[in-house]
Chemist: 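Below are the structure tokens for one structure; questions will follow.
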Amino acid sequence: MTPRPFLLSTLCALAALTAACDGDNSVRITSTRNESDAKGVLKVVDALQCPQTMGSLTRKGSAQDGGKVCTYVGPKGTEVSLHLVALDGETPADVLKTFETRLSASLPAAVAQLQASTDAEKARMQADIARADADTAAARADTAAVSADQAAVRADAAAASTDRATVRAPGVMIDANGDDATVRLPGMRIETRGDQASVRIGGFHIDANDTDGSARVTGSSGGGDSVTINAQNDAAEIRTSASGEATRVSWILTDNRETETGWRMVAFEARGPVGGPLVVATIRSRDANRGRAFEDARDLVTLNVGE
């Protein structure tokens, strides 16, 4: 049983995840109350801290909108904007959806590809349910028609097949038959059926399909932090959120192809206490790989609101 390259790359990606302004615009952080949880204290601020430089980023001009927006440039024309956003009765999810929609417009082909993949997956799931229902009905009919001896003969023939292998050991179960296999290990389960694979590792679930080059990862860590990855060929979308009532969310959309807009990655990092406001860093990059500018944007968020 040879692991498929696309599935291996998906597993590697999952493992990698277990990863003051000038002049009149001089601003301050005013802590009116604190939000505590297992990850630390998030501060309530009334204006942004926007240093002239942060790592690879350099501020453009002064803070705008009364200290609520600062813009930066980074390597290869990377654009970073820092926003202080009041909730004003909206949920953090509603506020962040606006940022996501605005950023997604820079990578329309990636959005279309991932949406088509999602629609195809839904159609496959519905077809699988219909087939399962049909198979169940057929199995009931076969049970009445097939004798125990015939079933035993088929089982013996399958066991004698040169393409079939079975391994049993304490905590280990492996059944392989041609391109189909089931592997069970402590904390892990892998099932492959032709070009499709399903993997469960701890709290994570991976579905990969070599036929259309798609992969989906969903799950959460023991602490409740969650991650979702939706990838197909050259496009990928990653969402992460931390447990707790405070907002700690990141979102990344990438396209490895040349795009009309020139951008290859858009993203945001958002944090804020219950009730807001949120500090949101948005990133547009011509490099599909998350680089130094992304980490520097996160540092800007940390400087303002905390970890």
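In what follows, residues are counted from 1 in the order of the sequence shown. Computed from a predicted model, the values in this text were never measured in an experiment.
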Chemist: Hey, does Glu237 have a side-chain heavy atom less than 4.5 Å from the side chain of Val111?
Modeler: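 Not touching, per the 4.5 Å side-chain cut-off.
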Chemist: Flag the pair Arg102 and Glu100 as a salt bridge only when some basic side-chain nitrogen lies within less than 4.0 angstrom of an acidic carboxylate oxygen.
Modeler: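 Between Glu100 and Arg102 there is no salt bridge, as every charged N stays at least 4.0 Å from the carboxylate O atoms.
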Chemist: What donor-acceptor contacts under 3.5 angstrom involve side-chain atoms of residues 77-96, with partners at least two apart or in another chain?
Modeler:
residue: Thr78; atom: OG1; partner: Pro75; partner atom: O; Å: 2.8
residue: Thr91; atom: OG1; partner: Asp94; partner atom: N; Å: 3.1
residue: Thr91; atom: OG1; partner: Asp94; partner atom: OD2; Å: 3.1

Chemist: Answer yes or no: is there a donor N or O on one side and an acceptor on the other, between the side chain of Arg292 and the main chain of Gly55, under 3.5 Å?
Modeler: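 No, the answer is negative, given that no donor and acceptor are paired below the 3.5 Å cut-off.
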Chemist: Above 12 or not: heavy atoms from other molecules or residues under 6.0 Å from CZ of Arg286?
Modeler: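 For Arg286, atom CZ is crowded (more than 12 foreign heavy atoms under 6.0 Å).
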Chemist: With a 3.5 Å distance limit and no angle check, can you tell me whether Asp180 reaches the backbone of Ala176 through a side-chain donor-acceptor pair?
Modeler: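 No; judged by distance alone, with no hydrogens or angles, the pair does not exist.
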Chemist: Can you confirm whether Thr58 sits close enough to Tyr72 that some side-chain heavy atom of one is under 4.5 Å from a side-chain heavy atom of the other?
Modeler: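 Of all side-chain heavy-atom pairs linking Tyr72 with Thr58, none is under 4.5 Å.
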Chemist: Regarding Asp175 and Thr182, do their side chains bring together a donor and an acceptor under 3.5 Å, going by distance alone?
Modeler: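 Result is no, nothing qualifies.
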Chemist: Hey, are the side chains of Arg284 and Leu103 touching, using non-hydrogen atoms and a 4.5 Å cut-off?
Modeler: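 Sidechains of Leu103 and Arg284: in contact.
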Chemist: When Thr240 is tested against each of Val227, Ile252, Ile229 for side-chain contact (heavy atoms from CB on, under 4.5 Å), which residue passes?
Modeler: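 Of Val227, Ile252, Ile229, side-chain contact (heavy atoms from CB on, under 4.5 Å) with Thr240 is met by Val227 alone.
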Chemist: Is any side-chain heavy atom of Phe99 closer than 4.5 Å to one of Ser104?
Modeler: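 Sidechains of Phe99 and Ser104: no contact.
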Chemist: Under a 3.5 Å threshold, yes or no: a donor from one side chain and an acceptor from the other, between Ser214 and Asp212?
Modeler: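 A pair is found: one side chain offers a donor N or O, the other an acceptor, under 3.5 Å apart.
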Chemist: Where the side chain of Arg264 meets the backbone of Asp255, is there a donor-acceptor pair that is under 3.5 Å apart?
Modeler: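 Between the backbone of Asp255 and the side chain of Arg264 there is a qualifying donor-acceptor contact (under 3.5 Å).
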Chemist: Without swapping roles, check the side chain of Arg59 against the backbone of Cys50 for a donor-acceptor pair under 3.5 Å.
Modeler: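 Yes; at least one donor-acceptor contact below 3.5 Å.
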Chemist: Using side-chain heavy atoms (C-beta onward) and a distance below 4.5 Å, is His205 in contact with Ser198?
Modeler: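 Result yes, sub-4.5 Å side-chain heavy-atom pair found.
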Chemist: Taking Ser220 for the side chain and Gly224 for the main chain, is one N or O donor matched with an acceptor at less than 3.5 Å?
Modeler: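 Absent.
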Chemist: Is it the case that one hydrophobic cluster holds both Ile238 and Ile201, taking links as side-chain heavy atoms less than 4.5 Å apart, direct or via other members?
Modeler: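 Yes, Ile238 and Ile201 fall within the same hydrophobic cluster.
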Chemist: Measure the shortest side-chain to side-chain distance between Trp251 and Leu253 over non-hydrogen atoms and say whether it is less than 4.5 angstrom.
Modeler: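 When only atoms from C-beta onward are counted, Leu253 and Trp251 do touch, with a gap below 4.5 Å.
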Chemist: Can you see whether Ser226 engages Ser241 through a side-chain donor-acceptor pair at a distance of less than 3.5 angstrom?
Modeler: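 Their side chains do contain a donor-acceptor pair, which is all the 3.5 Å distance test asks for.
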Chemist: Do Met173 and Val183 belong together in a cluster built from hydrophobic side chains that touch within less than 4.5 Å?
Modeler: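 In one cluster with Met173: Val183, no.
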Chemist: Return yes if some donor-acceptor pair links the side-chain N/O of Asp299 with the main-chain N/O of Met54 below 3.5 Å, else return no.
Modeler: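 No, Asp299 side chain to Met54 backbone: no donor-acceptor pair under 3.5 Å.
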Chemist: Can you find a pair of side-chain heavy atoms, one from Val301 and one from Val280, that are under 4.5 Å apart?
Modeler: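 Result no, sub-4.5 Å side-chain heavy-atom pair not found.
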Chemist: Do Thr71 and Gln64 have side chains that get closer than 4.5 Å, going by heavy atoms?
Modeler: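 A side-chain contact under 4.5 Å exists here.
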Chemist: With no hydrogens and no angle check, do the side chains of Thr302 and Arg271 hold a donor and an acceptor under 3.5 Å apart?
Modeler: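 Judged by distance alone, the side chains do pair up.
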